[in-house]
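Input: a single structure, listed below in structure tokens.
Reckoned from all heavy atoms, side chains included, excluding hydrogens, waters and symmetry mates. From a predicted model like this one, the values you see are computed outputs, not experimental measurements.
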Amino acid sequence: VPIEIAAMFFMLAGATNFALHFLAWRGRSFKVYLRDGEFRSMLAVLSAFGVLVCLPLYLQGEYAGDLGTALRYGLFQLVAYATDAGFATTDPSHWPVYAPLLLVLATFMVGCSGSTAGGVKMVRVVLFAKQALRELRKLVHPSAELMIKFDGKTVANEVVYAVGGFFSIYLGMTIVLTFAMIA
């Protein structure tokens, strides 16, 4: 268990923006991490996915109704998949049907920009979600000028549209390549 906890810590450190590590080291303060919107979003998604993965493992008695074991295996697999580290301590294919799908979804979006993790990066997911919400608000208020802000700064529309284009191409290529591999 201590080795798994240490591995999860370093997997999360690898999935965090390395510029944040530098700023924390230079300023000798961990507050840098909590001020970063992308890092907070990563922790929020990991927390939500952690509950959605570990709770059913416990409730369905996957690990003999032992909450500690369900948390241990569920969180380790979640962090390993989300950070694209390639580690595993158990086979999640026998877990409740949606849990392995959440692990794969975490692979696509949890890593921060400037990190070793793969996927579309958390900042792009956040901007894509904010753009989707802005478009819904524009349906209600068509003439409103709505700006997207991230970490207290306004994000230019060109950047938001570029993120949407990247996200669409990434998703489209994932679907095409998945069907190619199945074929």
request  = Using the side chain to side chain contact (heavy atoms under 4.5 Å, CB included) rule, take Met42 and Tyr33 through it: C-alpha gap first, then chi angles, then the decisive distance, then the call.
outcome  = CA-CA 11 Å; Met42 178 181 78; Tyr33 294 106; over 6 Å; no
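- For the pair Asp151 (side chain) and Lys153 (backbone), a donor-acceptor distance under 3.5 Å is absent.
- Using a 4.5 Å cut-off on side-chain heavy atoms (C-beta onward), Tyr81 and Leu102 make no contact.
- There is no path of hydrophobic side-chain contacts, each under 4.5 Å, that joins Leu171 to Val110.
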task = List the steps, then state whether side chain to side chain contact (heavy atoms under 4.5 Å, CB included) holds for Ile175 with Thr178.
result = CA-CA 5 Å; Ile175 292 168; Thr178 299; 5.8 Å; no
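- Of the possible polar contacts, one joining the Asn17 side chain to the Ser113 backbone as a donor-acceptor pair under 3.5 Å is found.
- Hydrophobic clustering, with ILVMFWY side chains joined whenever heavy atoms are under 4.5 angstrom apart, groups Ile5 together with Leu46.
- For the pair Arg134 (side chain) and Met147 (backbone), a donor-acceptor distance under 3.5 Å is absent.
- Cluster membership check: Phe9 does not share its hydrophobic cluster with Leu43, using side-chain heavy-atom separations under 4.5 Å among Ile, Leu, Val, Met, Phe, Trp and Tyr.
- Thr83 places no side-chain N or O within donor-acceptor distance of the main-chain N or O of Ala15, the cut-off being under 3.5 Å.
- Cluster annotation: Leu57 is connected to Val1 through the hydrophobic network of ILVMFWY side chains, with a link wherever side-chain heavy atoms come within less than 4.5 Å.
- Side-chain N/O atoms of Thr89 and Glu4 include no donor and acceptor closer than 3.5 Å.
- Proximity of Gln60 to Trp95: side-chain heavy atoms (C-beta onward) are nowhere separated by under 4.5 Å.
- Of the inter-residue distances, the one linking Met11 atom CE with Leu78 atom CG reads 9.5 Å to the nearest 0.5 angstrom.
- Met109 and Tyr98 fall within the same hydrophobic cluster, defined by Ile, Leu, Val, Met, Phe, Trp and Tyr side-chain heavy atoms under 4.5 Å apart, directly or through other members.
- The shortest distance between side-chain heavy atoms of Phe108 and Thr174 falls below 4.5 Å.
- Tested against Lys130 for a side-chain contact (heavy atoms from CB on, under 4.5 Å), the candidates Ile148, Val125, Leu146 yield a single pass: Ile148.
- With a 6.0 Å radius and a threshold of 12 heavy atoms from other residues, nucleotides or ligands, Tyr161 has its OH atom above the threshold.
- Contact check for Pro56 versus Glu62: no side-chain heavy atoms found under the 4.5 Å cut-off.
- The distance from the NZ atom of Lys31 to the CG atom of Leu23 is 15.0 Å, given to the nearest 0.5 Å.
- The side-chain heavy atoms of Phe150 and Glu38, taken from C-beta on, include a pair separated by under 4.5 Å.
- Separating the NZ atom in Lys138 from the CD atom in Glu135 is a distance of 7.0 Å, to the nearest 0.5 Å.
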